[in-house]
Structures are given as structure tokens and as C-alpha cells.
Amino acid sequence: MGGGRDAPFDRNLELAFIEGNAIHKLVFPRRCILGGWMKAGTIERILVQPTHWRSWIK
């Protein structure tokens, strides 16, 4: 998994973030966009600061 700041713009990603002692994964694919993140397949922006990412696997 990569860090949130080095995520690629051209693919669906699985995002995760650390809160306390736990890692939380987002259950739907996201895409990195200029200035933030959006839900894959939509144009809905989301507010999240992931600490980890990896390519989305169907």
C-alpha cells in the first residue's frame, strides 16, 4: 500500500486511514483528483485524508 500523498490519478483505488490504533478501509473504490478524492464512477467529491492506498481489485 502506498501513502495517501503519492496516489496515482488514473485508476480506481482502495483507501484506508488510521484512527487511533485501528486501520479503517473504505468499502467502495475512489479516485484521486486534483485537490482531493471522489467516488469512482461519479463526480461526488469526498472529504478524506487517507494514510494508505492500493489498486482496487474487483
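Heavy atoms only: backbone and side chains are in, while hydrogens, waters and symmetry mates are out.
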Which atom pair, heavy atoms only, marks the closest approach of [X] to [Y]?
X	Y	value
L15	W53	CD2-CB, 3.8 Å
P8	L13	O-CD1, 3.9 Å
E14	L26	CG-O, 4.3 Å
F9	C32	CD2-O, 3.2 Å
W37	A7	CH2-CB, 3.5 Å

Between K39 and I46, does the side chain to side chain contact (heavy atoms under 4.5 Å, CB included) criterion hold? Intermediate values first, please. CA-CA 7 Å; K39 290 182 180 179; I46 60 167; 3.9 Å; yes
Go through the side-chain N and O atoms of N12 and R31 and say whether any donor and acceptor fall under 3.5 Å apart.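 Side chains of N12 and R31: pair found under 3.5 Å.
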Using atom types as modelled and distance alone, determine if a side-chain donor or acceptor of R45 lies under 3.5 Å from a backbone N or O of I33.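 Absent.
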When rounded to the nearest 0.5 angstrom, what is the spacing between CD in Q49 and CZ in F17?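 Taking CD in Q49 and CZ in F17, the distance rounds to 10.5 Å.
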Has N21 got more than 12 heavy atoms of other residues, nucleotides or ligands less than 6.0 Å from its CG?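 Open.
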Would a 4.5 Å heavy-atom cut-off, applied to side chains only, mark V48 and R30 as touching?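 A side-chain contact under 4.5 Å is absent here.
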